[in-house]
Amino acid sequence: MLKVGLTGGIGSGKSTAAQRFEELGVPIVDADVIARNVVESGKPALEEVIAAFGEKVVSSDGELDRTELRKIVFENKEHKALLESILHPRIYDEILRQLDHLSTPYCIVVIPLLAESKRIYPLDRVLVIDLPHALQLERTSARDQQSEEKIDKIIQSQSSREKRLSLADDIVENSGTVELLYERIDLLHQKYTELAHQFESTAPKC
Ligand code: ADP
């Protein structure tokens with residue numbers, strides 16, 4: 001199976017693009033969804049996060065208080081590294097487990113922080129969703145109801161656009177309408193379907 005990594009900065013349009021692939025029948029393995037699942041109430045990772053950062057990171061209903069946790073790790077490199085050491089191995093293993101269960105010609109693996117990660121993911125190609133900084137700020141602050149200043153801090157904490165683009169086999173420019181984004185994804189779907197067939201015919205049979 002051809003595995004296509006999908007990445008991009010915050011608010012670039014990864015989820016919107018992934019949703020279109022999903023509508024086209026392509027399975028999506030999403031690191032963000034997995035990251036939320038691994039810290040669900042009762043899961044061992046949540047217990048470890050509480051042991052590391054204290055009860056203040058859980059709300060009264062026993063769920064992880066993401067806002068509080070974000071505050072703790074955002075400006076402290078050691079805390080960030082500690083949180084990542086708890087979560088990342090689990091997220092990585094779950095991505096591999098989900099990939100193992102798929103049998104379609106190709107799939108999309110959404111990894112928002114692919115450019116920041118030190119891990120080697122089993123990807124055959126990388127698709128980057130890209131857009132100009134000003135539009136990234138505008139769309140993200142509208143979506144998250146946060147000031148552009150706050151969003152800009154997050155953007156600055158992520159890899160540069162150039163670094164991300166250097167990983168790309170394919171780039172989708174998303175400064176136009178959603179319809180245009182969909183058209184571009186539809187074209188890529190054709191391309192990936194063709195590539196997946198070539199890929200299968202050249203793959204070793206045992
Ligand atoms: P990401 O998953 O990369 O953080 P999203 O897919 O959530 O980004 O997109 C960020 C915001 O921008 C969302 O509110 C989404 O609806 C909007 N959006 C995405 N693509 C477009 C587009 N081409 N035109 C207008 N709004 C868009």
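Position 1 is the first residue of the sequence; numbering continues from there. Atoms within a ligand are numbered from 1 in the order they appear, just like the ligands themselves.
- Which of Asp144, Thr140, Asn174, Leu6 comes nearest to atom 23 (N) of ligand 1 through a heavy atom is settled by distance: it is Asn174.
- Using a cut-off of 4.0 Å between Lys/Arg side-chain N and Asp/Glu carboxylate O, Glu48 and Arg90 are scored as salt-bridged.
- With a 4.0 Å cut-off on non-hydrogen atoms, Leu180 does not touch ligand 1 at all.
- Considering backbone and side-chain atoms alike, Gly11 places an N or O below 3.5 Å from some N or O of ligand 1.
- Ring to ring, Tyr121 and Tyr92 are close: their centroids are under 6.0 angstrom apart.
- Nearest to atom 2 (O) of ligand 1 among the protein's heavy atoms is Ser15 OG, 2.5 Å.
- Among all non-hydrogen protein atoms, the one lying nearest atom 15 (C) of ligand 1 is Thr16 OG1, 3.8 Å.
- Of all the listed residues (Arg184, Gln136, Arg139), Arg139 holds the heavy atom that lies closest to atom 17 (C) of ligand 1.
- Aromatic pair Phe74/His79: ring centres not closer than 6.0 Å.
- One finds no salt bridge joining Lys191 and Glu194 here, because no Lys/Arg side-chain nitrogen approaches an Asp/Glu carboxylate oxygen to under 4.0 Å.
- Distances between N or O atoms of Gly176 and those of ligand 1 include at least one value under 3.5 Å.
- Residue nearest to atom 9 (O) of ligand 1, selected from Gly13, Ala18, Ala17: Gly13 (by heavy-atom distance).
- Note on Arg125 versus Asp170: salt bridge recorded, some NZ/NE/NH1/NH2 to OD/OE distance being below 4.0 Å.
- Closest approach of Pro27 and Thr104 over heavy atoms only: CG-OG1, 3.2 Å.
- Protein heavy atom nearest atom 7 (O) of ligand 1, with residue, atom name and distance: Arg143 NH1, 2.8 Å.
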